[in-house]
Peer 1: 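To start, I am sharing the structure in question, which I have written as C-alpha cells.
Remember, it's 1-based here, ligands and their atoms both numbered in the order they're listed.
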Amino acid sequence: MNNIDKRVEEILAKMSLHEKIGQLNQPQTPLPEQTEKLKEMVRRGEIGSILMAVGATAGNDPQGDISVDFYNELQRIAVEESPSGIPLIFGRDVIHGHRTVLPIPLGMAASFNFDMIEKCYRDIAEEAMNDSIHWTFTPMLDLARDPRWGRIIEGAGEDPLVGASMAKAVVRGVQGDDLTARDSMLACAKHYVGYGAAEGGRDYHRAEISDYTLYNYYLPAFHAAVKAGAKTVMSSFNEISGEAVTSSRKYLTDILRGYLGFDGFVVSDYGCVEQLIPQGLADNRGDASRMALEAGLDMDMWDGCYHESLEKEVESGRLDIAVVDEAVRRVLRVKMMKGLFEHPYCDQHEIDRTEHLARARALARESVVLLKNEGNLLPLRKDTKIALIGPYVNERRSLLGSWTVDGKAEETPTLREEMAKVAGPNGGQILASSASGLSYEIAWMPYALIGCDVAVLAIGESWVVTGENKAVSNISIPEEQIALLKRAKMSGKKVVAVLFCGRPIALEGIAEYCDAILYAWHTGSEAAGAVTDLLYGDAVPSGKLPVTMPRLATHIPLYYNVTSSGRPVNCYYNQNAGNCYFDSIPTPYYPFGYGLSYTTFAYGDVRTEKDAIALDALKAGARFSFTFSLRNTGEYDAKETVQLYIHDPVAKMMRPLRELKAFEKVFVPKGEAVDVTLSVGYDELGYFLPDGSYTVERGKIEIYIGENCLTSQKAEICIL
Ligand code: NOJ
C-alpha cells in the first residue's frame, strides 16, 4: 500500500456513513440567500466538492466574478470545523480559457499544433488556480459528426487521432507534471461516452453506437486522456442503445476502469442521477442513486440524490457499504494527489498575462483556416482601402465563443480596432460602419464599396447559437448576412469573408460570393488580432479542418473516415457521386484536413525503407517509415501539416476508406525544401473488433500522404 492509500484508509476508518456520503455530493454555488445553508452543510461534512457555477449550461449563462475569499472561507469551514476536516475540491468549467480565452476547442484542433495547445493550457491552469479552481471540466472529448449539435464546438471534430492528440495535450497542459503545484488543475475527461452521437444533433438525445464504433471512434480520446494521467472523468447524459451511461456498469466500470485502466473518480454530469427517473430506468431518487453508484458513478453533481438517499439505501440493506467506501476512497485519493490536504487555500497573487495573451494570439493564428484565396487576394497590402462590413466588425463577445465563463468581452479587441492599428500608420483606410444593426449596414454599404479597394465582410454565427443546448437545424449564417455578401460581390469589388463561426457551416450559396475566406471560428481573446495578422500577411495561415465542411445541411452526416458502400457510389470521395443524391452535389465543400496557405507546397515522391514487415516484427516495435521532400514553392515562410492516411482494402471487418494515422506540422522557409518522415507501426495499423480486442491483420495496406484526406499520393505496404 502506498502512502496515499494508507492515509486514505486511516481517514476512511474514522468517517461516519453520513460524512462518507458527503464526499460524494457536489452541489453548486448557491444564490447569496442560501449561502448560510451551504456553510452549515460543509460544517456537517455533507459536501465533497462545489461546482462553481450558476446554471447547468454555465457556458451560456452569465456568471459572476469568483470571490476567492468566499471559497477560502468555505474551505476553512471544511478543514477546521467539519468532523474529519477533509478539504473541499472546487470545480468550474474552464473549457478553453479563463481570463485569457483561447480559441474554441474545435478551432484549436484546426491548428494541429498540440504542443502549442499544451503550453496555452499551462497558462490557463495558472490563471484558474489563482481563482480557487482546483478542477476543470475539460477536455471535452466527444467525437462529433453532426454540426447541428451545438457542442461540436467544444470537441476536436470527427477524427479519433485528432481527438486523442487533443486529449493528451489538454490533460498535460491543465495538470502539468506535478498535481500539487500552484499552477496545476485537475482535468476531467468528458462526456463519457457517446454524447457526440446524439441523434439529429439534438442535445441530450439518444445515441445508437455499436461496440465496433465505440472502440474505434468514441473511446480512443478517452483512452489517451487516461494514459496522459486524467484523474477524473465526467459521465454523459445520453443513453447508448437503450442503456443510460449513468447506470451502466458496462460503460462506467467494465470499459472505463477494466479496459481503459482509469483509476480516478467519476463525477456525473449535471443532474444525471435524477435523470434516470424520466429516462424510465428508476422509480425514485433512491433507486437512481443506488443504480448509479453501483455502476461506478462516484460523485453526484448538483441534484443532491446521493446526499438525500444513499444513507437510507445502506441502512435498509439495499446497498452494500463497500460500494460507498470504494467511491469515497477514489475521491479522497484524488484530493490527496492534488495536495489539498497540505494546501487547501488559494493564495491569490498578481499574474502578468502578457505572455499568455501572446501565446493565445499565436494559437489563434494557427487555428484560422484559409478556405479560399482566388487570385491570391490575401494577404492585403497595408495601404489597402478596405470597406469593413458586417455584424462582427465591432463585436467582442462572440469572438470569445461559448463556455467563456471568466473571459471578459470588454477586454476583447474588435476587428475594427485591430485592423485600424495596422492600416493607420501604413496609409491604409478602414471604411467601417460604426453602428451595429444590419439594415444600417446594407444601406451604408454601397457608399463604402464605391470608395474601397477590397470589401472585408466580418460575418458568422453568434456564440449564442453554439454550445450546450444550442442545436440548430440550419447550419448557416443568417440570411441578412448572405444578402450582404451578395451585394458586396455584385459591386464588382473583391470580397474577403472572415467567418466567425463555432460549427462548420454549409457553404453552398455562401462561398461562391467570396473571393477569399478565412474561417476564423470563435478564436478567443486575441481573435481580432490574429485575424488582422493573417489579413495583412504578418502571419501566414496554417490551419487545417478537423471536421468536414458540407455543401448543404441535408448532407449530414458527412465524415471522411467512412467505409465503402460496396457499390460504386461514394459521396465523400466522389466515386459516381451523381448516384448519391439526384438533386445536389454530395461531396464535401471542403474535406477533412483541408486548409490553404499564402504559399504553395510541393510534395515529393514518397520513399519507403521497407514495404513489407512481418507481423511479429511489427509487434516487437518495427515501423514502416515514409520519407518525402516538402518544398515551399511560394513567397512566404510557412507551416504545413502533412498527413498520412491508411486504408486496409481486405479485412475481417469493413474498414474506413481513409483513416488519419500520422501527421506533423512542419515549418518550411520560402524556396526551401525539407525532408519529412512519417511512420506507422503496430498501434496504427490495426483496429478494434467489437469485443474490444485489438487486431492487426496480415495483408496489404494502402498509404495516402498529402495535404488533406483527398490526397492521391499513394504507397502500398504489406504486413507479412
Ligand atoms: C453540464 C455540461 O454538460 C457539462 O459539460 C458541464 O461541465 C456541467 N454542466 C457543469 O457546468
Peer 1: Which residue owns the protein heavy atom closest to atom 9 (N) of ligand 1, what's the atom, and how far is it?
Peer 2: Ala56 O, 2.9 Å
Peer 1: Considering only heavy atoms, which of Gln26, Arg92, Met234, His191 lies nearest to atom 5 (O) of ligand 1?
Peer 2: His191
Peer 1: Do Tyr215 and Tyr259 have ring centroids that are under 6.0 Å from one another?
Peer 2: yes
Peer 1: Under 3.5 Å, N or O to N or O, is Asp269 touching ligand 1 that way?
Peer 2: yes
Peer 1: Could you check which of Asp93, Val267, Thr138 puts a non-hydrogen atom nearest to atom 7 (O) of ligand 1?
Peer 2: Asp93
Peer 1: Is ligand 1 under 4.0 Å from a heavy atom in the side chain of Met140, in the backbone, in both, or in neither?
Peer 2: neither
Peer 1: Can you find an N/O atom of Lys190 closer than 3.5 Å to an N/O atom of ligand 1?
Peer 2: yes
Peer 1: Give the numbers and elements of all ligand 1 atoms closer than 4.0 Å to a heavy atom of Phe137.
Peer 2: 7 (O)
Peer 1: By number and element, which atoms of ligand 1 are closer than 4.0 Å to a non-hydrogen atom of Phe237?
Peer 2: 3 (O)
Peer 1: Can you give the donor-acceptor pairs under 3.5 Å from side chains of residues 288-297 to other protein atoms, not counting sequence neighbours?
Peer 2:
residue, atom, partner, partner atom, Å
Ser289, OG, Arg285, O, 2.7
Ser289, OG, Cys305, O, 3.3
Ser289, OG, Ser309, OG, 3.1
Arg290, NH1, Asp287, OD1, 3.1
Arg290, NH1, Glu313, OE1, 2.6
Arg290, NH2, Asp287, OD1, 3.4

Peer 1: Donor-acceptor pairs are to be reported for all side-chain atoms of residues 462-470 against protein atoms at under 3.5 Å, with residues two or more places apart or in another chain.
Peer 2:
residue, atom, partner, partner atom, Å
Ser462, OG, Val464, N, 3.0
Thr466, OG1, Trp463, O, 2.8
Glu468, OE2, Tyr204, OH, 2.6

Peer 1: Any heavy atom of Trp302 closer to ligand 1 than 4.0 angstrom?
Peer 2: no
Peer 1: Hydrogens and angles aside, do Tyr195 and Arg151 bring a side-chain donor and acceptor to less than 3.5 Å of each other?
Peer 2: yes
Peer 1: Which label fits Tyr270 and Trp302: parallel for a plane angle under 30°, tilted from 30 to 60°, or perpendicular past 60°?
Peer 2: parallel
Peer 1: Return yes when Arg151 approaches ligand 1 closer than 4.0 angstrom through a heavy atom, no otherwise.
Peer 2: yes
Peer 1: Quick one: are Tyr306 and Met299 in side-chain contact, heavy atoms under 4.5 Å?
Peer 2: no
Peer 1: Please test Trp521 against Tyr392 for ring pair (Phe, Tyr, Trp, His ring centres under 6.0 Å), starting from the C-alpha separation and ending with a verdict.
Peer 2: CA-CA 12 Å; Trp521 314 102; Tyr392 296 89; over 10 Å; no
Peer 1: Rounded at 0.5 Å granularity, tell me how far CD in Gln28 sits from CD in Gln34.
Peer 2: 10.0 Å
Peer 1: Give the atom numbers and elements of ligand 1 that come within less than 4.0 Å of a heavy atom of Glu468.
Peer 2: 1 (C), 2 (C), 3 (O)
